[in-house]
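Hydrogens, waters and symmetry mates play no part in the numbers below; they use all other heavy atoms, side chains included. Values in this document were obtained by computation on a predicted structure and should not be read as measured data.
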Amino acid sequence: MPGGRLTQQERQQIALGLADSLAYAEIARRLDRPTSTITREVLRNGGPTAYRADLAHRATERRAHRRRKAAARDPHTPPQAYGRDAEAVREYEETFTTVFMQSGLPKMTARVLAGLYTTDAGSLTASELAGRLQVSPASVSKAVTFLESQGLIRRERDERRRERYVVDDDVMYQSTMAGARSTAHLGEVARQGVGILGPGTPAAARLENIARFVDFISESIARAADQAREILHTKPEGSSDSAT
């Protein structure tokens, strides 16, 4: 992140930009910061209508203080795998969470999904998720129930009969196809209205255009998902199963 952490003066500029109804990208440009930094900062601290620079700055200091205390309490915390920078990983997970929140997911649900996507195993138990996110098992249970209902994760049992929550290429494919089917259903319902409202009427013409548009979109999404799945499951030429 250019320039390190946001300063109190930068947060004041963010507040002024929000008051002027500037887009996150424009605020970021004026501060020479990534748009994702501004987006995460605002959503983490009340949203565009309730953001307060002074409160946001104090909240950030409190979070940093809690992290330092946690590290001091547990000096035996294992290092990050593959020599990763723990702070950089944490910042990235927060960015990922913010992106999911922007797509409409509640904060806890977004945190769970980001946690699953950034674990090397690609799956975690409820207990592992609760420990990783430092939240209650009840919070995790509610989040995974919603994610499963949306086709964003799946459940499976491991060799110890523990229930694990999984994200992988197939989950992404199935979720995308479910979205395409939902879009196609909108087109079907819109086209039903053409006959009810009367062909040739302004309302019917509008619904027919909606149906044609979403038909094209849903078919394109499904076709692209099939092509992407085939590419992901096809090994590059010259590759082998064993290392040479």
Side-chain angles (χ1 to χ4, degrees), residues 1-74 77 80 84-119 124 126 128-147 149-150 152-153 165 167:
M1 186 173 69
R5 296 188 179 279
L6 289 168
T7 65
Q8 189 163 14
Q9 290 73 25
E10 286 176 315
R11 289 190 167 95
Q12 290 169 352
Q13 291 300 310
I14 291 173
L16 290 172
L18 293 172
D20 288 338
S21 300
L22 297 181
Y24 294 152
E26 176 59 20
I27 297 173
R29 187 189 66 78
R30 295 185 180 192
L31 294 177
D32 192 25
R33 294 278 189 169
T35 301
S36 60
T37 297
I38 306 304
T39 303
R40 183 174 65 246
E41 166 70 14
V42 174
L43 293 182
R44 185 194 288 169
N45 294 287
T49 59
Y51 183 84
R52 287 271 306 279
D54 52 345
L55 295 180
H57 196 70
R58 286 200 293 270
T60 300
E61 290 181 334
R62 286 196 298 270
R63 284 193 293 267
H65 181 64
R66 285 197 299 268
R67 287 195 296 271
R68 287 193 295 269
K69 286 181 64 176
R73 284 197 303 269
D74 189 8
T77 299
Q80 284 280 329
R84 294 169 179 145
D85 182 327
E87 182 67 8
V89 170
R90 185 192 64 77
E91 290 282 352
Y92 177 73
E93 288 178 351
E94 289 188 1
T95 298
F96 216 173
T97 297
T98 299
V99 171
F100 287 137
M101 290 171 65
Q102 285 181 292
S103 71
L105 291 182
K107 183 175 181 179
M108 180 52 60
T109 306
R111 291 188 67 201
V112 168
L113 191 56
L116 284 169
Y117 269 112
T118 53
T119 183
L124 294 168
E128 289 168 342
L129 274 167
R132 182 186 179 98
L133 302 178
Q134 296 185 334
V135 297
S136 69
S139 297
V140 170
S141 177
K142 183 178 180 181
V144 296
T145 297
F146 176 82
L147 289 169
S149 73
Q150 299 300 305
L152 295 172
I153 66 172
Y165 307 110
V167 292

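Ring planes of Phe96 and Tyr92: tilted class, angle from 30 to 60°.
The side-chain heavy atoms of Gln150 and Phe146, taken from C-beta on, include a pair separated by under 4.5 Å. Side chains of Leu116 and Leu124 form a contact here, defined as non-hydrogen atoms less than 4.5 Å apart. In this structure, Thr97 and Leu113 have side chains that are not in contact, with every pair of non-hydrogen atoms separated by 4.5 Å or more. Counting heavy atoms from C-beta outward, Ile38 and Ile14 have side chains that approach closer than 4.5 Å. Between Phe100 and Thr109, the closest side-chain pair of non-hydrogen atoms is not below 4.5 Å.
Judged as a salt bridge (Lys or Arg N to Asp or Glu O under 4.0 Å), not a single pair has a partner in residues 96-111 (not counting sequence neighbours).
For the 3.5 Å distance criterion, the side chains of Tyr51 and Glu41 qualify, holding a donor opposite an acceptor.
Ser36 and Thr95 get closest at one heavy-atom pair: CB-CG2, 4.0 Å. The minimum heavy-atom distance between Val42 and Pro48, with the atom names listed, is CG1-N, 3.5 Å.
With sequence neighbours left out, Thr35 forms a side-chain contact (heavy atoms from CB on, under 4.5 Å) with Tyr24, Ala25, Ala28, Thr39.
Put simply, the side chain of Thr118 gets close to the backbone of Ala114: a donor and an acceptor are under 3.5 Å apart.
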Please determine whether side chain to side chain contact (heavy atoms under 4.5 Å, CB included) holds for the pair Val167 and Leu152, giving the CA-CA distance in whole Å, both sets of side-chain angles, and the decisive distance to 0.1 Å. CA-CA 7 Å; Val167 292; Leu152 295 172; over 6 Å; no

Give the intermediate values and the outcome of side chain to side chain contact (heavy atoms under 4.5 Å, CB included) for residues Thr119 and Arg132. CA-CA 10 Å; Thr119 183; Arg132 182 186 179 98; 3.9 Å; yes

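Here CD of Gln8 is found 8.5 Å from CZ of Arg58. Values are rounded to the nearest 0.5 Å. In this structure, CG on Asn45 lies 7.0 Å from CZ on Arg11, to the nearest 0.5 angstrom. We find the CG-OG1 distance between Leu31 and Thr37 to be 10.0 Å, quoted to the nearest 0.5 Å. Atoms OH and CG, from Tyr165 and Leu147 in turn, are 10.5 Å apart once rounded to the nearest 0.5 Å. Rounding to the nearest 0.5 Å places CZ of Arg33 at 13.5 Å from CD1 of Ile27. Distance check: Leu22 CG to Leu16 CG gives 9.5 Å after rounding to the nearest 0.5 Å.
The pair Glu26-Arg30 meets the salt-bridge criterion, with a side-chain N (NZ, NE, NH1 or NH2) lying under 4.0 Å from an Asp/Glu carboxylate O.
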